[in-house]
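Each remark here refers to the structure printed beneath this line.
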Amino acid sequence: MPAEELLNRLVVVLCNLKPAKIRGVVSSGMILCASVAEPRKVEPLDPPSNSEPGDLILFESITDDQENTPITFQIIDPKKKIWEKLQINLSTSPDCIAQWKDNVLKTDKGPIKCKSLKDTPIK
C-alpha cells in the first residue's frame, strides 16, 4: 500500500506490541487491514468519521459479566500468543463491517468498516 494512501487519515492500530524490525525500521504497532491474496488487495480498517486518535475498540455484544460493560482490547502478552488465536476469527461482514466471531468491532461512535472488501480476513 502506498504511503500516500495513509496520510491524513484515521486507521485502526494494534499498538504497544513487542518491537520488531520491519524493512529496516523498528515498529511497535500494526495497522489492521482487510486483505485478500488473489488478486492482491489490502484495505485499512476505517473507524467512524467522527473518531479521534486513542478511541478504544469495543466488541458489540461481548460484555464483562460482572460489570455488564463492553470488553475492550487490552494489552496482549506476546508470550501467550493470544493475538494469533484471536486473529483467526477477525473478518469483514457482507456489509464490510469489521467483526470477530460475528461480534461487530466498534468505537463508542459507531462500527469499524473497510471500503469494499466483504467477507475478508482481517490481518
Problem set entry | Backbone of Ala34 reached by a side-chain donor or acceptor of Glu43 within 3.5 Å | no
For this session: Indicate the atoms forming the closest heavy-atom contact of Leu58 with Asp108, along with that distance.
Result: CD1-N, 4.3 Å
For this session: May I ask you to decide if Thr120's main-chain N or O and Thr92's side chain share a donor-acceptor pair within less than 3.5 Å?
Result: yes
Seminar exercise, completed: Interatomic distance, CH2@Trp100 vs CD1@Ile88, rounded to 0.5 Å, equals 11.0 Å
Problem set entry | Lys109/Asp55 ion pair, N-O < 4.0 Å | yes
Exercise. Cluster question for you: counting only ILVMFWY and a side-chain heavy-atom cut-off of under 4.5 Å, with indirect links fine, are Val42 and Leu6 together?
Worked result: no
Exercise. Can you tell which of Asn89, Val12, Leu90 makes a side-chain contact (heavy atoms from CB on, under 4.5 Å) with Ile122?
Worked result: Leu90
Exercise. Which pairs pass side-chain hydrogen bond (donor to acceptor under 3.5 Å, both in side chains) with one or both residues in residues 21-40, sequence neighbours excluded?
Worked result: none
Problem set entry | Sequence neighbours excluded, every pair satisfying salt bridge (Lys or Arg N to Asp or Glu O under 4.0 Å) that has a member inside residues 44-53 | Arg9-Asp46
Problem set entry | Candidate list Ser49, Pro44, Pro48, Pro47, test side-chain contact (heavy atoms from CB on, under 4.5 Å), partner Leu10, passing option | Pro47
Problem set entry | Donor-acceptor pair, side chain of Asn103 and main chain of Lys101, under 3.5 angstrom | yes
Exercise. Closest approach of Cys96 and Lys115, non-hydrogen atoms and distance?
Worked result: SG-O, 4.2 Å
Exercise. What do the steps show when you test Ser91 against Gln99 for side chain to side chain contact (heavy atoms under 4.5 Å, CB included), and what is the final call?
Worked result: CA-CA 6 Å; Ser91 65; Gln99 59 185 11; 3.5 Å; yes
Problem set entry | Separation between CG of Leu32 and CE of Met30, rounded to the nearest 0.5 Å | 6.0 Å
Problem set entry | Audit row: Ser116, Lys41, side chain to side chain contact (heavy atoms under 4.5 Å, CB included) steps and yes/no | CA-CA 10 Å; Ser116 66; Lys41 189 167 184 182; 3.3 Å; yes
For this session: Determine the sole option in Val11, Ile31, Ile112 for which the side-chain contact (heavy atoms from CB on, under 4.5 Å) test with Leu45 is passed.
Result: Ile112
